[in-house]
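So you know, we letter chains A, B, ... as the sequences are listed, proteins then strands, and number each from 1.
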Number of protein chains: 2
Amino acid sequence: MAEASSSQPPRLRDIKAVCKTCSLNELCLPVGLDQEDIEALDRIVQRRRPLERGDSLYQAGTTFGAVYAVRTGALKSTILAEDGEEQVTAFHLPGEMLGLDAISFRTHPSTALALETSSICEIPFEELEHLAEQVPGLHRQLLRIMSKEIFLEQEMLQALARRTAEQRLAILLLSLGDRFGRRGLSPTRFLLPMSRQDLSNYLGLAPETMSRLFKRFQESKWITVSNREVSLCDVDALKALTNNREAPLKRDG
Amino acid sequence: MAEASSSQPPRLRDIKAVCKTCSLNELCLPVGLDQEDIEALDRIVQRRRPLERGDSLYQAGTTFGAVYAVRTGALKSTILAEDGEEQVTAFHLPGEMLGLDAISFRTHPSTALALETSSICEIPFEELEHLAEQVPGLHRQLLRIMSKEIFLEQEMLQALARRTAEQRLAILLLSLGDRFGRRGLSPTRFLLPMSRQDLSNYLGLAPETMSRLFKRFQESKWITVSNREVSLCDVDALKALTNNREAPLKRDG
DNA sequence: CGGAGTCTTGACCTCTATCAAGTTTTGTGG
DNA sequence: CCACAAAACTTGATAGAGGTCAAGACTCCG
């Protein structure tokens, strides 16, 4: 993997490092931004001091001012349901953007919390729009990114909504692996940044069910789990699970 | 309710009529488009010949060229799950837009089918983007609309994902009423444009469950149903249902 | 009037939530 | 580094929501 390195200003390197596979990357590449444009984009990206576990990047209800990209660490988005329960609506891994859901109402509908120590890039939205007005193609690229981001999340939700608990877990594990894989990490062996509770909450399951699922998955030799360390041993089996609605789980032992 | 009427060119009236409450309306109003801009926007909007029940507006996999607004009638969006099952992902009522999910990949991820005879406005996306480049503010308005559209759908999915069957139905009925209400129709008494099967499919339930739910809702005096004719008799009760996760359904008789 | 499709109803059974203990891990202060 | 408390996680037993299967009843059309 060739790394662009020394011939570029440091901030730019950051963007590339952070956003190799994330939307920001797409901001630069397909619209043919030249070096100058990229530097302009780079100039508006702010580094923030790292968040500690439990810190919030933004709170639901606060005014929207920027979108964000995760450099390292992980965050969760949560909303407060009408009944007062907290609901995890998304996990954000390195290279991914968050805060896009606030664009329309100029208010964050969700709260973003760091699951572990995380460093974040902040992209002030005013300035991004301003820049986009000057750079042809950047604006439509923004549209495209948003549409995609949203489409993918929607797809995920759809997927989760009608599937059994075990299919949901399979889908999520594969998704996490895939996303870690894009960042150059192992797609089959990773540390879960989130607790079982966050996981089960996200998947719409009881924590107890999560626990039993992990156990079953392990007994079926599909994965290995130890606390937050996960290995996907039989990716094909997991994928097979997600496809057909039948095949509820047959232990052939 | 004052109606703007005769002082405007006919096509423009169409837009206003079609999009009184839909995103297109938002395209015009908040960014301060002047008459000239609105006419330019109006000029790119195409009328299509009406779709009959079962006709498709676009098929999944086909190239994206335009976004659409429903003038009259109703449509459903469906995707083909990996297992070959059709999944209803959305209903589109008069005044609402569809096709936005195709922007990022330039390919329609879903198929749009008319549930009844429907007339549709087509807005070629190329031209819309072109226009947006010339009209300051229109582009960011586009962003906002997309973000909102998507946020709302996401919210709906989230809502459905973790709720009981009966909460899902309550949410959907209220949503339909609300949407009909925005179009000037009764929010409490309307004809369902979709079959029970489509309904249950959309809500992620078995058709049999839908049937039983309608029965229970009726027994509880919350609604009246006769075939596709629905009356919401106790909106408060329905709303109460959607809020708390407890209160599974107590018939106090 | 008849036949296809849609909707309803009933019986049954599985999946997953819930309740209730245990057990392990994590975090804090000595 | 250890001890202890507080979380987090696991495990078992139980019950209920909702899926599935199988008939049966309407509806919509020609």
Does C/dA17 have OP1 or OP2 sitting under 4.0 Å from an N or O in the side chain of A/T209?
yes
The side chain of B/N227 lies closest to which of these nucleotides: C/dA17, D/dT27, D/dT11?
D/dT27
Closest to the A/R228 side chain: C/dA17, C/dT25, D/dC9?
D/dC9
Presence of salt bridge, B/R162 and A/E85, under 4.0 angstrom:
no
Would you mind reading off the distance between A/L191 atom CG and C/dT26 atom P, rounded to a whole angstrom?
11 Å
Nearest whole angstrom, please: distance from the C1' of C/dC15 to the CG of A/L203.
16 Å
Ignoring hydrogens and angles, does a donor from either the side chain of B/R168 or the base of D/dG18 sit under 3.5 Å from an acceptor on the other?
no
Separation of D/dC9 P from A/E229 CD (nearest whole Å):
15 Å
How many Å lie between CD on A/E85 and P on C/dA17, as a whole number?
14 Å
Give one of base, sugar-phosphate or nothing for B/A165, where a contact means two heavy atoms less than 4.0 Å apart.
sugar-phosphate
Tell me whether the side-chain N or O atoms of B/E208 pair up with the base of D/dC21 as donor and acceptor below 3.5 Å, since no angle test is needed here.
yes
For A/Q197, answer base if it contacts any base atom (sugar-phosphate contacts may also be present), sugar-phosphate if it contacts only those atoms, and nothing otherwise; contact means non-hydrogen atoms under 4.0 Å.
sugar-phosphate
Looking only at the side chains, is there a donor atom on one of B/Q167 and B/T242 sitting less than 3.5 Å from an acceptor on the other?
no
How many whole angstroms separate atom CG of B/L213 from atom P of C/dT9?
12 Å
I need the CZ-P distance between B/R162 and D/dG18, as an integer number of Å.
16 Å
How would you list, by chain and number, every residue that makes a side chain to side chain contact (heavy atoms under 4.5 Å, CB included) with A/A206, sequence neighbours excluded?
A/E208, A/T209
Between C/dT18 atom C1' and A/L205 atom CG, what is the distance in whole Å?
14 Å
Touch class at under 4.0 angstrom, heavy-atom based, for A/R53 against every strand present:
sugar-phosphate
Under 4.0 Å between any heavy atoms, over every strand shown, what does A/S211 touch: base, sugar-phosphate, or nothing? Just pick one.
base
Could you state the atom-to-atom distance from CE of A/M210 to P of D/dT11 in whole Å?
13 Å
How do A/P207 and B/G204 order along DNA chain D: which one's closest nucleotide is nearer the 5' end?
A/P207
Do B/C233 and B/K221 have side-chain heavy atoms sitting under 4.5 Å apart?
no
Look at B/R212 and D/dG18 and indicate whether a side-chain polar atom (N or O) is within less than 4.0 Å of OP1 or OP2.
no
Quick one: closest heavy-atom pair of A/H108 and A/Q59, and the distance?
CB-O, 3.7 Å
